[in-house]
Amino acid sequence: MQQPRFKRIMLKVGGESLMGKREYGIDPQTTLEVAQRIKVIHDRGVEIAIVIGGGNIFRGLAASKQGLDRATGDYMGMLATVMNGLALQDALESIGIHTRLQSALQMPAVAESFIRRKALSHLRKGRVLILAAGTGVPYVTTDTGAALHSLELHCDVLMKATKVDGIYETDPIQDPKARRYKTLTFDDAIRLPGVQVMDTAALAMAQENDMPIMVFKLFEKDHLEQAIDGKDIGTYVSNQVKTVLAK
Ligand code: UDP
């Protein structure tokens with residue numbers, strides 16, 4: 001079997017990936033499915049850090065539109081990511097993967113606090129590191145947390161799991177004729193109006209610090225593994241590529 005293209009990855013898993021067919025919350029069976037997909041690349045020796053979102057439970061911005069103080073809502077959103085982190089940890093451990101959950105908000109009864117040097121040590125030891133509470137501060141999202149942590153943990157790539165298999169010209173669910181980008185420059189990822197893949201703050205941080213982003217579909221069979229092998233799936237955003245549509 002070939003060597004994976006990426007040795008250490010930052011995987012951004014949105015909260016909605018744990019929801020299954022529910023409208024809200026966590027579906028244990030779906031969470032187990034996510035864990036099984038992660039196991040495949042873990043078994044191949046890839047070091048994996050995961051930033052988990054909370055959108056299946058709570059988003060500060062949405063709550064602030066209904067009158068809640070934005071910062072309070074954002075802290076509630078961060079707490080939601082801790083719940084998801086616990087669920088994903090449980091699923092991974094149930095299939096024999098050693099994990100550590102670290103939280104950017106201190107919560108010692110359920111998670112280690114985020115300590116960079118400890119986080120690096122967990123990765124070196126082959127533990128799947130789950131990072132909850134994003135950056136630990138309000139007014140940003142877990143995408144920014146993923147960009148930030150990917151840099152400080154020296155990941156080779158930030159892999160963003162999405163519902164569709166890459167970045168399209170426009171939303172392919174609304175417009176079936178939309179074409180997928182094979183590669184995309186950061187400038188285009190930020191500038192093109194139809195492209196909504198990540199917060200601008202996260203994209204700008206990745207661009208400035210040369211962290212490539214791979215967008216792929218988590219629930220497509222073998223997609224994660226193929227992405228790790230550098231196969232032509234998903235969309236690769238980098239300072240080293242030009243914007244090219246897939247054939
Ligand atoms: N959040 C925050 N700071 C962070 C990360 C998250 O305030 O560093 C809050 C914010 O309210 C966000 C919520 O937590 O909406 C859940 O995270 P996110 O929306 O990124 O989850 P996802 O869409 O990935 O499921």
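Each ligand, and each atom within it, is numbered from 1 in the order the structure gives.
- Between the side chain of E93 and the backbone N or O of T99 there is at least one donor-acceptor pair closer than 3.5 Å.
- Heavy-atom neighbours of Q106 CD from other residues, nucleotides or ligands within 6.0 Å: at or below the threshold of 12.
- The protein residues lying under 4.0 angstrom from ligand 1, judged by non-hydrogen atoms, are K12, G14, G15, G53, G54, G55, F58, R59, G60, D74, G77, M78, G134, T135, G136, V137, P138, V140, T141, T142.
- Using a distance-only test at 3.5 Å, with no hydrogens or angles considered, a donor-acceptor pair links the side chain of R180 to the main chain of G234.
- With a 6.0 Å cutoff to the six-membered ring centre and a 45° limit on the axis angle, R5 counts as a cation-pi contact of Y236.
- Salt bridge status for D232 with K182: present, with a side-chain N to carboxylate O gap under 4.0 Å.
- Salt bridge annotation for D156-K7: absent, with no cationic side-chain nitrogen under 4.0 angstrom from a carboxylate oxygen.
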